[in-house]
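Remarks on the structure that follows.
Remember, predicted model here, so these are calculated numbers, not experimental data. Lettering of chains follows the sequences in order, A, B, ..., and the numbering in each one begins at 1. Every heavy atom of this structure was used, including side-chain atoms; hydrogens, water molecules and symmetry mates were not.
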Amino acid sequence: MKARHRLKDNRDFRRVFQRGKSVATGRLVLYWHENRLTTFRAGFSISKKIGKAVVRNRLKRLLRACFLELGPKLENTPVDFVVVCRQGSADASYHELLSDLRKLLRRAKFMV
RNA sequence: AAAGUAAGUCGGGCAACCGCCGGUGCGGCGUGGGGACGCUGCACGGGAGGAAAGUCCGAGCUCCACAGGGCAGGGUGCCGGAUAACGUCCGGCGGGAGCGAUCCUAGGGAAAGUGCCACAGAAAUGCAGACCGCCGAUGGCGGCCGGCAUCCGCCGGCCGCACAGGCAAGGGUGCAACGGUGCGGUAAGAGCGCACCAGCAGCCUGGAGACAGGCUGGCUAGGUAAACCCCACCCGGAGCAAGACCAGGUAGGAGUGCAUAUGUGGUGGCCCGCCACGCACUCGGGUAGGUCGCUUGAGCCGGCUGGCAACAGUCGGCCUAGAUAGAUGGUUGCCACUCCAUAUCGUGCGAGGCCGUGGUUCCGCUUGUUGGAACAGGCCGUUUGCAGCACGCGGAGGACAGAACUCGGCUUACAGACUUGCUUUCUCU
RNA sequence: UGGGGAGUAGCCAAGCGGUAAGGCAACGGACUUUGACUCCGUCAUGCGUAGGUUCGAGUCCUACCUCCCCAG
């Protein structure tokens, strides 16, 4: 995941949470809101309640790998995404997270 | 061989593809007079731990007076050493556990003072106290006998009472009752006397010291300081969001109050001292970007020397992560490791393998619906050898855990693998 | 990074080093035709965990676990 696809600023996070829309599965919640750029950005929010630092870092890496896989299809959608991990996602594998994320993006009409 | 004990090492490996971070080199585009800066591409080599964790101690570093005086507060607490320092480490002493190797140990002071010691008990610290009990020597009362005396009475002996009184041995209470055991002693007793033991004080010897050993003395002093306290030693405060620089900016404005030092701030609980100076509140306005600090350090590895050791010295070699919504990853394959299945098949080894309190003997302890060893016994197999073992073919598993200024420790978590020393028991030669 | 606090029955909680108060809930009983109200009784195997000091620990000390709050 390149640096231009990362959502970093706290203001952007707040805007996505407050003005954006959301869909969810048992493991993940996806928030999104349109931005003024030419491509997408993605950020992750993983609470301390999910697990220790090792668990949280692993989830972020897995989610970044998922966006690396899905990136080419979203290159021309100017939207900010925020993925929130729910409590059951601590032991999820890469393939489980990838299929969940596909499902959410399809429900939000960004993918077919 | 089994059981145990101490110290230490490791914490899966290789490959392919797709990615991330920072470094070096070579390019492309844009801005700019240029040094440069921003975006971007390729190549090369680097990229988590033994605990990176908890943040419990100690330091470096930075700023506040290069950290000053006093009070308050906190910490440490047998002795000696190591160290930059420590509450850490090493060696020893005392005490405790274990057959032993070895392990554990906040271990100064209770004859400086104060507090507390519930319930029970007579009494809980005043060299106190007398419930049951022991005694009745001494004094008292009563009785009997004897002597003296004319009488009042006096003297002596014996017996009784338990009134005065003596006692703390025995019982009982309690975690603890003012040393313990024995002999003597006594009316009964008591360190009252003596012997030994424990404890205390003084002296001598050994040791660097904690302490150990011995002699002498007077006979006795409860526990608690992780209760206050006393003694000795140590500690100034904050923390990399420290701090420095760049851009921007606290500008400028309006109102109110206090004030020229007994004020406000730096400064932390307080006072002194030092330094700087108008300050506080309200309205209105504005910000939370970048660079450095940032990894060469009490550094790591190996050899030698000194030391019992912690460690120190010296020589040679090495450079080994620096992110900032926070890099060190994802997918797949193969190989090792552990466990489970091995029905069927292949290769090799191969004469034994498995069960065994539902019997006998012995051993151990948690002493009982208990565990282990040997034997009896049972099942399978043994010339054409698939009973069993190893490999191949199948499946599952791989812990604890993620650097955030850097070190030295401590504590806690941890699948599994390996090495070495030592102890006890058994067997064989 | 620094600082502060809490953990006691299912819930809310009090508790000088000396028998773990009290309320709600639950359960049993009485009252009632039945229920509610009321009354009586029962309920901690040890006070987050593990060690230690003490004759004795919820309380004191040490280490650890979990949760909450505050400042920048």
Pairwise 5' ranking along RNA chain B for Ala53(A) and Ser93(A), keeping only the more 5' one
Ser93(A)
Per nearest nucleotide of RNA chain B, the residue lying toward the 5' end, Ser45(A) or His95(A), is Ser45(A)
Say we look at [N] and [M]: how far apart would their [atom1] atoms be, to the nearest angstrom?
N       : M       : atom1 : answer
C240(B) : A417(B) : P     : 44 Å
C127(B) : A106(B) : P     : 37 Å
U347(B) : G385(B) : C1'   : 16 Å
G322(B) : U296(B) : P     : 9 Å
G7(C)   : A221(B) : C1'   : 47 Å
A210(B) : G182(B) : P     : 39 Å
C339(B) : C428(B) : P     : 32 Å
G278(B) : U260(B) : P     : 15 Å

Measure the [atom1]-[atom2] distance between [X] and [Y] for me, rounded to the nearest 0.5 Å.
X        : Y        : atom1 : atom2 : value
Arg56(A) : Cys85(A) : CZ    : SG    : 11.0 Å
Asn35(A) : Arg41(A) : CG    : CZ    : 5.5 Å
Phe67(A) : Leu74(A) : CZ    : CG    : 7.0 Å
Arg58(A) : Ile50(A) : CZ    : CD1   : 12.0 Å
Leu63(A) : Tyr94(A) : CG    : OH    : 10.5 Å

Does Phe13(A) lie flat on the base of A325(B), that is, centres under 5.5 Å apart and planes under 30° off?
yes
Over how many whole Å does the gap from [X] atom [atom1] to [N] atom [atom2] extend?
X        : N       : atom1 : atom2 : result
Glu69(A) : C20(B)  : CD    : C1'   : 17 Å
Tyr31(A) : A325(B) : OH    : P     : 22 Å
His5(A)  : G19(B)  : NE2   : P     : 13 Å
Lys48(A) : A53(B)  : NZ    : C1'   : 12 Å
Phe17(A) : A325(B) : CZ    : P     : 16 Å
Ile46(A) : G402(B) : CD1   : C1'   : 14 Å

Using Watson-Crick or G-U wobble geometry with both distances under 3.5 Å, which nucleotide pairs with [N]?
N       : value
G402(B) : none
U49(C)  : A63(C)
C167(B) : G133(B)
G91(B)  : C79(B)
U320(B) : none
G115(B) : U224(B)
C200(B) : G217(B)
U5(B)   : G421(B)

For nucleotides 66-72 of chain C, read 5' to 3', which letter fits each nucleotide if B means a protein heavy atom sits under 4.0 Å from the base, S means only the sugar-phosphate is that close, and - means neither?
-------
Using the glycosidic torsion, which applies to [N]: syn (within 90° of 0) or anti (everything else)?
N       : value
G46(C)  : syn
G388(B) : anti
A221(B) : syn
A48(B)  : syn
U331(B) : anti

So, does Arg41(A) get its side chain near the phosphate of A325(B), meaning an N or O under 4.0 Å from OP1 or OP2?
no
Under-3.5 Å N/O pairs linking protein and nucleotides 327-329 of chain B:
{"from": "U328(B)", "atom 1": "OP2", "to": "Arg61(A)", "atom 2": "NE", "distance (Å)": "2.8"}
{"from": "U328(B)", "atom 1": "OP2", "to": "Arg61(A)", "atom 2": "NH2", "distance (Å)": "3.4"}

My understanding is that only one of Val83(A), Asn57(A), Leu59(A) makes a side-chain contact (heavy atoms from CB on, under 4.5 Å) with Ile46(A); could you say which?
Leu59(A)
Measure centre to centre between the rings of Phe110(A) and Trp32(A), then say whether the value is under 6.0 Å.
yes
Are the aromatic rings of His5(A) and Phe40(A) close, with centres under 6.0 Å apart?
yes
When you measure from the side chain of Ser89(A) to the backbone N and O of Ala92(A), does any donor-acceptor pair fall under 3.5 Å?
no
Short question: side chain of Glu96(A), backbone of Ser93(A) - any donor-acceptor pair under 3.5 Å?
yes
Report the relative orientation of the aromatic rings in Tyr31(A) and Phe17(A); use parallel for angles under 30°, tilted for 30 to 60°, perpendicular for over 60°.
perpendicular
Heavy atoms from C-beta onward define the side chain here; which of A401(B), G326(B), A325(B) lies closest to that of Val54(A)?
A401(B)
Shortest non-hydrogen pair, Val29(A) vs Ser22(A), comes out as CG1-CB, 4.5 Å
